[in-house]
Amino acid sequence: MGDASELSAALIDGKILSRSVTDALSSRVRFLAEHGVCPKLAVLLVGDDPASQTYVRSKERLCKKLGLASEVIRLSDDISKGALLAEIARLNADPLTHGILVQLPLPKHLDEREILFSISPDKDVDGFHPANVGLLASGAPRFVPCTPKGIMSMLDSIGCEIEGKRCVVVGRSNIVGKPIAQLLLARSATVTICHSRTRSLADFTREADILVVAVGRPRMITGDMVKPGSVVVDVGVNRVDGKLCGDVDFESASRVASWITPVPGGVGLMTVAMLMENTVESAERSAGIII
Ligand code: GUN
């Protein structure tokens with residue numbers, strides 16, 4: 001146990017912050033309602049993965065709370081590619097649907113890329129379609145993936161300077177690692193992406209003023225791998241002995257960092273809030289309120 005005089009990081013509280021994001025959305029939803037538009041999110045859930053079911057329920061709940069319409073389409077895990085593509089084509093053509101999300105992971109027999117690329121880029125609130133990935137990479141983002149967008153909002157909320165900072169991203173997924181690296185780069189950070197094949201990982205993480213960890217390995221980043229005074233963002237959600245924990249060992253890392261996100265109560269809440277924001281944005285765009 002550390003003694004009471006030991007410095008400990010401040011929390012970047014996803015609960016408070018996601019609330020302020022959703023509060024700000026409420027007036028935009030009201031404005032749309034006055035113009036006869038109700039933002040609608042369609043979620044396709046294939047199979048019965050328990051974690052995916054939990055995530056989808058939380059999306060449904062938040063839609064309801066904010067006055068967004070939602071349609072959850074639950075599909076059997078042996079659905080054919082053709083049948084799933086037909087569902088997506090129906091939603092692409094539906095003028096009342098503004099956002100389409102296919103919950104990942106998909107069963108093995110379905111090609112994730114082929115499915116995600118069939119979503120209309122104009123309704124791709126996850127920001128995974130190559131058109132949206134390309135817009136982000138070229139510095140003119142349209143739909144920004146929800147978790148990275150939420151992370152940037154968390155960093156801004158604590159007044160964290162990004163320009164010129166050394167940022168290390170651990171994890172190279174299309175959902176988090178690559179897009180957060182793009183967003184940090186766009187704000188003039190010096191960005192390093194580490195991954196499972198990186199040698200001497202700690203040599204990189206110890207240099208990070210801002211460390212973003214999204215690898216899916218419980219408590220992999222320990223305090224000795226963290227730069228004193230840094231900002232640590234933990235994207236991991238792992239269940240160990242029935243308890244949720246992140247990819248960062250909170251106990252040791254929070255003694256070294258100056259700011260840290262908790263798990264639960266951190267990035268995850270921001271992800272859902274940003275999904276709502278992207279859906280509202282999509283509705284505003286289709287109504288001609290924004291371009
Ligand atoms: N599964 C885990 N994270 C995500 C996400 O951000 N979007 C989708 N569609 N599926 C996920």
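The analysis underlying the following values was restricted to heavy atoms, covering all of them including side chains, and did not include hydrogens, waters or symmetry mates. First listed ligand is number 1; within each ligand, the first listed atom is number 1. Values in this document were obtained by computation on a predicted structure and should not be read as measured data.
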Is the shortest distance from a Lys or Arg side-chain nitrogen in [X] or [Y] to a carboxylate oxygen in the other one below 4.0 Å?
X    : Y    : answer
K123 : D94  : no
E34  : R28  : no
E251 : R219 : no
R142 : D122 : yes

**Study point:** cation_pi(R255, F250) dist<6.0 Å, angle<=45
**Key:**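 That pair does not qualify as a cation-pi contact.
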Practice item. At a heavy-atom distance under 4.0 Å, which protein residues reach ligand 1? Sort them by chain and number, would you? Key: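 Shell around ligand 1 (4.0 Å, heavy atoms): L101, V102, Q103, L104, D126, F128, I175.
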**Study point:** Result of checking V43, L104, L45, V46 against S52 for side-chain contact (heavy atoms from CB on, under 4.5 Å)
**Key:**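 Of the listed options, the one satisfying the test is L45.
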